[in-house]
Every structure is written in structure tokens, then in C-alpha cells.
Amino acid sequence: MNYVEVIGSLTAAQGVTGNENDVSKCVMTYFKNYTDEVWRDKAGNVFGKMGEGKPVILVCAHMDEVGMMVTDIEDNGMLRIASVAGVDPRVLPGSDVIIHAKTGKIKAVVGAIPPHLLNSDLALKNAKKAYKMNELVCDTGLCADKVKANVQIGDFVSFAPAKPMELLNNRIAGKTLDDRALVAAEIRVMEILSKRCLGCTVIFCATVQEEKGSLGAALAAWGTAPDVGLAVDVCHATTPGLGEFRSYPIEAITISTGCNIHPRIFEMLRDKADEEHINYEISATMLNTGTDAWDMQIQRAGIRCGLISVPLRYMHTSVECISLDALENCARLMAEFIADFDEDWEEKLCFKD
Amino acid sequence: MINRDMLKNVLETYGPSGHEQRISEVIKGYLNGCCDEIYNDTLGNLIAHKKGTSGKKVMLSAHMDQIGLIAVDIDENGFIRVSNVGGVNPTITIARDVVFENGTKGVVHFETEKKKAGEATLAELFVDIGASSKSEAEKCVNIGDMAVYAAHYTDMGNRISCGAMDNRICCALLITIMQNLKTEHDVYAVFTVQEEVGLRGAGAAAYAIDPDLNINLDVTTCGDMPKAAPMSTGLGRGAAIKVMDSSVIVPECVRRFLVDTAEEKGITYQMEVLRGGGTDTAAVQKTKSGILAGCVSVPTRYIHSPVETIDMRDAENAVALFLAALEKKTRIENRT
């Protein structure tokens with residue numbers, strides 16, 4: 001599997017939180033390469049099932065992306081926008097975006113006041129602080145009448161798709177690597193496992209609405225009632241200006257521990273990473289991991305959860321940066337972890353006295 | 001279509017989160033005779049069921065609880081210290097009259113030694129029920145008793161102002177909808193408890209009913225007052241069809257169904273994108289393996305104050321939209 005190619009087509013598809021239809025079609029196409037059992041649930045989560053029998057392992061990587069929504073149409077045709085889950089208004093000026101209108105896709109830009117004109121008192125005051133969401137306008141270039149005829153309040157707005165940039169050291173940069181890179185890793189795991197004999201059932205899931213409270217993972221876990229839930233997501237890579245304790249080397253992957261994580265799952269992942277000589281760090285998160293694992297854990301009568309993360313720089317911008325070596329290590333660890341389950345799984349997962 | 005005497009009665013009835021028995025009884029009184037069964041569930045949600053023939057279950061919902069104050073301490077001189085039940089703004093609570101469940105009346109003021117009214121926190125507020133000692137106060141109010149803003153119903157013609165408009169206006173709408181309903185679907189009208197303290201009632205009702213579709217009714221904010229925070233909705237511009245708030249993104253198929261219904265029937269509507277605030281829709285959507293859920297809102301000015309103001313024409317439009325939507329036979333499904 002070629003990561004750049006798969007990530008390229010996954011990130012080119014639109015899928016702002018709450019409107020993941022386009023990207024779900026793309027994910028289904030890839031999942032179908034490795035299994036016939038591919039389906040979508042009511043919420044829009046995409047599933048691909050391999051193997052049979054107990055235990056059932058649910059792997060979740062979210063396919064939604066941060067984006068925006070039209071909140072108002074001004075008399076001059078400019079659009080006001082709000083963040084749909086986590087867009088940073090500081091990095092929006094200078095972005096090209098797509099309005100997903102009922103009548104089709106409309107290109108637009110989010111602009112800013114030119115530096116030359118920052119001499120009035122008000123503009124100077126504004127220049128000293130970052131823009132807030134309600135100060136930004138989205139410009140389609142269309143006249144007001146045409147905008148009003150095509151765009152409706154509530155239309156989704158996404159970053160314009162662009163091919164991921166291939167940087168040095170097998171790193172890539174682009175939009176929506178959070179978390180489509182990990183959806184690509186799921187597809188890679190399917191490829192690895194399709195050549196192996198599985199002693200369990202694994203259900204790969206590309207979840208919806210992780211960025212808005214993990215709605216998709218909660219519903220997926222309720223619907224599939226797995227014995228083990230494994231979330232794969234991104235975490236923060238070391239970046240100049242960021243405290244080390246909150247970030248991890250971009251070449252490493254992280255294995256999480258904390259109250260969101262079942263101790264035996266953590267140990268199994270850690271031991272497997274040691275065995276496979278995978279470069280990893282342990283991430284201790286005492287409360288909410290901020291991932292699909294958090295909501296999965298409390299579905300039905302409770303689900304044992306694990307979490308593997310791949311460090312990423314510049315999260316929620318259109319130049320998110322990730323290491324493909326780390327991504328491949330994450331896929332290898334997932335595959336070996338899943339392949340390790342067989343009929344004595346209950347023994348493996350129970351607490352030792 | 002909406003009976004104003006009924007609305008006034010529903011608005012003036014006591015019922016903060018967790019203490020919805022009185023309002024539940026009042027609503028029940030208006031539903032007798034137009035439903036096949038009516039009951040309260042374990043948490044206190046009031047559920048009115050009207051049987052249908054299509055085999056499809058539709059859950060309509062509106063929360064019946066209101067925000068309030070809870071007594072946490074009574075001092076030697078009979079002043080009652082309070083904490084909030086739901087989103088209470090201390091500044092606008094000062095100099096208001098409040099009422100407890102047993103009818104005890106009181107007024108709210110604050111510690112004036114160091115602060116001005118706009119600066120006081122809830123911990124610096126107290127309720128004066130007219131008692132001159134702790135023992136006298138304790139004859140009327142005990143720790144844990146809840147008070148609500150006393151209702152002052154103001155009819156301004158098309159527009160009406162009162163406390164508890166959030167969300168009793170929608171309770172009145174749901175009563176009107178059930179009284180006039182023509183549908184082949186199995187309809188459950190749920191008057192939920194404890195929305196104001198974290199959407200705690202609706203999920204349980206949805207779990208038990210397991211509907212094919214939920215449409216919730218709640219209030220939403222307006223941006224059409226002087227220098228208001230930006231918001232596209234305004235009074236008199238129609239029923240608001242929710243797209244998103246901070247708790248939920250309504251699935252496109254549900255939103256589209258409501259918009260199409262409004263356009264087919266020429267019902268005035270506006271789209272709602274609410275930046276802050278959540279509704280029961282979110283709790284229902286997250287139930288079991290997911291329930292299709294949407295929301296129609298009544299635009300309301302000054303939410304969570306004793307002068308919440310609505311336009312009856314928006315409310316009438318919302319009723320018309322529900323009745324038209326429920327008369328339809330369309331199947332709503334997420335596209336694949």
C-alpha cells in the first residue's frame with residue numbers, strides 16, 4: 001500500500017464533522033479491497049469486518065475533519081462563519097475554502113486586512129491581536145444576489161483539498177491528517193492481516209463526529225458490542241515553543257495509559273511494541289484522552305479500551321505534519337496486537353492476582 | 001391555534017430541574033382525551049402516546065424543567081444563601097422576586113459592602129423571604145428547596161414575555177400539536193425532565209421508546225436586539241430549523257426533511273446555527289446505536305432571564321411545521 005496515494009485520496013474527500021458522506025464513500029472503497037463485509041450505520045460510521053468468533057475487537061480512527069459552517073449572509077454577499085469543532089481562527093486568514101451549498105461546491109477565500117492599511121487606530125488595535133471567528137469573512141467573489149440564491153445558513157465550509165506535500169525524512173504535510181492518516185493506517189492493517197490467519201473478529205471503523213464529542217465511536221461501540229476497543233488518533237509532536245511534557249518526538253508513536261485505558265490492554269500493546277522493536281513513548285493521561293477511546297469505554301456494560309497515537313505537528317491547520325515511518329510502526333503494532341488474540345483471550349485480559 | 005390561557009398556565013407553573021411533578025400534572029391535564037396512554041417514567045419524563053398504523057415510531061420532545069435557585073444555607077437572621085440549578089446569571093437575578101414550591105415568596109439581593117450589582121457572584125447573593133430569624137425562615141424553606149423566578153406574564157400582542165419561556169413555550173406547542181395531530185405514525189410526545197442540568201432526561205426516554213425519528217422543540221437565541229452577539233435568527237422570521245449548536249449537528253436528511261416540508265406548505269422558517277448552548281437532541285442522538293434526531297426552535301430574546309420574549313407567529317409556524325411533517329409518509333434515511 002502506498003501511504004501518500006491513499007492519504008491523498010482520503011484527504012481530498014470532504015468530511016466536515018457532521019457531514020462525512022463524501023469521505024465515507026472513499027473509505028468504503030478502500031475497505032472493500034480487503035473484506036466483503038463493509039457497511040455503514042445510521043450515524044454514518046463505516047465498518048469493515050475481518051475474521052470471526054470471539055473476541056471482537058473494534059478499531060476506531062475518525063474520518064471527520066474540522067471545518068466551518070455559514071452562520072450569516074451579509075447584504076454585500078460576504079459570508080460569516082462559525083467553527084464546527086475546533087478550527088483555529090488564528091490560522092484561517094489566507095485560506096482557500098469550499099462552501100458545500102445545495103446547488104454545488106463554491107470556491108471561496110478567507111481574507112485579512114492588508115498590512116499597508118493597518119494605520120488607523122482601530123486597525124492597529126486589531127493587528128495586535130489574532131482574529132476571532134466572528135471577525136472573519138468568507139468571500140466567494142459572487143454578487144450578493146447570487147450568493148443568496150445558492151448559499152444557505154447552515155451550509156458546511158471545508159478547507160480546499162490539496163495533495164499532501166512530501167517533505168524530507170519520509171514526512172508529509174497537509175490538511176486532515178488528523179485523523180485520516182490513521183484511517184490509512186487501518187487500511188494498511190487490513191492489508192497486513194489479509195495475508196494472515198486471524199483467531200478473532202476485528203471490526204475496523206472510520207468514525208464520524210470525533211471532533212464533536214466522539215458521537216460516532218460511542219454509537220459504533222454500542223452497535224458492535226466489542227470485547228476490546230482500540231482507538232488510533234494523533235497526538236502533539238514536539239514543536240518549537242511547545243513544552244516537552246505535552247508533546248512527543250515525531251518519529252515515535254505513543255501508547256496511552258490512564259483511567260481511560262484498560263491496564264491489560266496497555267501492557268499488551270507495550271510488550272508487543274518491545275517485542276517488535278518499535279520506537280514508542282508512553283503517554284500518561286489521567287482523565288479524558290480526548291479521543292474515541294473516552295466514549296467507547298462507557299458503552300453497554302463497559303468496554304476495555306486501548307489507545308495508540310501518532311505525533312503530529314500543527315494540529316487543526318491545513319499543514320498538519322506527520323512521519324510515515326511512525327505511521328507504519330503504528331500499523332505494525334496494531335496488526336501484531338490484533339493477531340495475538342485467540343481462544344485464550346479472556347485469560348490474557350483478566351487481572352492477575 | 002395556540003390557546004393563550006393554556007400557555008399562561010403552563011408558563012406560570014413551578015418546575016425547576018428535578019422538581020417537575022407540578023408542571024407534569026398541569027400538562028397531563030391538557031392531554032387527557034387526545035392520547036391512547038399517558039404516563040411518567042422512572043426519571044419523571046411525561047410520555048403521551050398516540051398509536052399509529054405505519055409501524056414507525058416518532059418521538060417529539062420538549063423539556064418541561066426550568067432553571068432555578070437551590071437553598072444551601074440559612075443564616076442567623078433568616079437570609080437564604082443559594083446555588084444555581086442550571087445556567088443562572090447572578091447579575092440579572094439581583095432585585096428579582098422568586099417563589100418556592102410551597103408558595104413562599106422572596107426577593108433576591110446581594111452583599112453591597114464591596115461590590116456593585118454587575119460584579120457580584122452567585123455566592124454573594126441571598127434570598128430575603130421576610131423572615132427575621134433562622135428559625136422563622138426554616139418554617140418555610142429548608143436546605144435543598146428550590147426557587148424559581150416569579151412568573152410575570154406580559155402580553156404585548158404578537159409578542160409575549162415571561163420567565164420559563166425556555167421551555168414552556170415549547171411544552172404549549174407540543175400540547176397543541178398533540179391536540180391537533182393527524183398522522184399514521186406512532187407518536188410519543190415526551191415532556192422531558194432535567195434538560196437544564198445537562199440533558200439528563202431525554203436520553204432515558206429515547207432509550208425506552210427507541211424511536212425511528214426524534215424531533216425536539218426548544219428555544220434558541222436571537223441576534224436582532226441592539227448590539228446583540230451575532231446570530232442570524234430573529235423574532236417574527238419563522239420557526240427556526242436547527243443545523244447545529246454546541247451539543248449537536250443535525251443530520252442533513254432530518255434537516256432537509258423539515259426544510260422541504262416548510263417550503264411545500266409555505267410555512268415561514270429560518271435556519272439556526274447556535275454557537276453556545278445545547279438541547280435534548282444531542283442526548284437522543286447518542287442513545288443506543290444512534291437515533292435520527294432534529295430540532296425546531298422558537299427564537300427567544302433574553303434567554304435565562306425572567307423576561308424571555310417570543311413572537312407567537314413563530315410559535316404558530318412551528319406548530320404548522322410539525323403537523324405538516326407528521327402528516328407526511330416520507331421515509332427519512334441517511335444517504336449511503
Side-chain angles (χ1 to χ4, degrees), chain A residues 16-22 24-25 28 38-47 64 67-74 79-85 100 102 132-135 151-156 207-209 211-225 295 298-300, chain B residues 199 203 207 210-214 221 223-224 228-234 237-238 240-256 258-260 263 269-276 278 281-295 332-336:
Chain A
V16 174
T17 308
N19 187 24
E20 298 89 348
N21 200 45
D22 282 358
S24 72
K25 284 183 202 157
M28 286 178 99
V38 175
W39 73 95
R40 228 174 76 140
D41 72 2
K42 248 188 281 183
N45 292 310
V46 172
F47 299 88
D64 61 318
M68 295 137 281
M69 185 178 276
V70 176
T71 58
D72 230 333
I73 303 167
E74 308 217 315
L79 304 173
R80 294 285 176 177
I81 47 176
S83 161
V84 177
H100 299 267
K102 195 167 77 170
K132 294 205 175 75
M133 209 69 193
N134 59 15
E135 293 166 341
V151 181
Q152 195 174 33
I153 291 168
D155 284 347
F156 284 92
T207 59
V208 298
Q209 298 201 28
E211 301 286 3
K212 195 151 175 122
S214 281
L215 175 76
L219 306 183
W222 205 93
T224 56
D295 275 78
I298 53 161
Q299 296 306 308
R300 298 223 175 213
Chain B
L199 323 178
Y207 190 98
D210 199 10
D212 296 287
L213 174 69
N214 164 245
T221 57
D224 61 345
M231 177 78 187
S232 66
T233 42
R237 296 187 208 148
I241 297 172
K242 187 183 290 290
V243 184
M244 180 176 84
D245 62 30
S246 54
S247 68
V248 70
I249 300 170
V250 175
E252 201 191 354
C253 57
V254 179
R255 167 164 55 116
R256 192 64 61 203
L258 293 168
V259 168
D260 290 348
E263 292 199 339
Y269 73 97
Q270 49 189 326
M271 302 307 288
E272 176 209 347
V273 180
L274 176 63
R275 288 180 183 79
T281 315
V284 173
Q285 186 185 38
K286 210 167 181 172
T287 298
K288 293 195 176 179
S289 59
I291 290 170
L292 282 180
C295 184
I332 305 173
E333 268 173 313
N334 237 333
R335 285 176 299 152
T336 309

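The sequence lines fix the lettering, A, B, ..., with proteins before strands; numbering per chain opens at 1.
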For this session: Output, in order, the C-alpha distance, side-chain angles, deciding distance and verdict of side chain to side chain contact (heavy atoms under 4.5 Å, CB included) for B/Glu252 and A/His100.
Result: CA-CA 12 Å; B/Glu252 201 191 354; A/His100 299 267; over 6 Å; no

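With chain A as partner, the option from B/Ile241, B/Thr233, B/Val243 having the largest number of non-hydrogen pairs under 4.5 angstrom is B/Val243. If you tally non-hydrogen atom pairs under 4.5 Å between each of A/Gly18, A/Gly154, A/Gly223 and chain B, the highest count goes to A/Gly154. Options A/Lys102, A/Met133, A/Arg300 differ in how many heavy-atom pairs under 4.5 Å they form with chain B, and the most are formed by A/Lys102. Contact tally against chain A (heavy-atom pairs below 4.5 Å) for B/Met244, B/Lys288, B/Arg275: the top residue is B/Lys288. Counting heavy-atom pairs under 4.5 Å between each of B/Ser232, B/Ser247, B/Ala229 and chain A puts B/Ser232 at the top.
Shortest non-hydrogen contact noted between A/Ala218 and B/Lys286 is CB-CE, 3.6 Å. Summarising the geometry of B/Val248 relative to A/Lys212, their closest heavy-atom pair is N-CE, 3.7 Å, with the distance given to 0.1 Å.
Shown here are the side chain to side chain contact (heavy atoms under 4.5 Å, CB included) partners of B/Thr287, two or more places apart in sequence or in another chain: B/Ala206, B/Tyr207, B/Ile291.
Rounded to the nearest 0.5 Å, atoms CD (A/Glu211) and CD1 (B/Ile249) are 10.5 Å apart.
Among the candidates A/Asp72, A/Thr71, A/Asn134, the single residue satisfying the side-chain contact (heavy atoms from CB on, under 4.5 Å) test with B/Pro230 is A/Asn134.
B/Gln285 touches chain A through backbone and side chain together, each having a heavy atom under 4.5 Å away. Using a 4.5 Å cut-off between heavy atoms, A/Thr17 touches chain B through backbone and side chain atoms alike. Contact annotation for A/Val70: only backbone heavy atoms (N, CA, C, O) come within less than 4.5 Å of a heavy atom of chain B. For A/Asp295, the part lying under 4.5 angstrom from a heavy atom of chain B is the side chain only.
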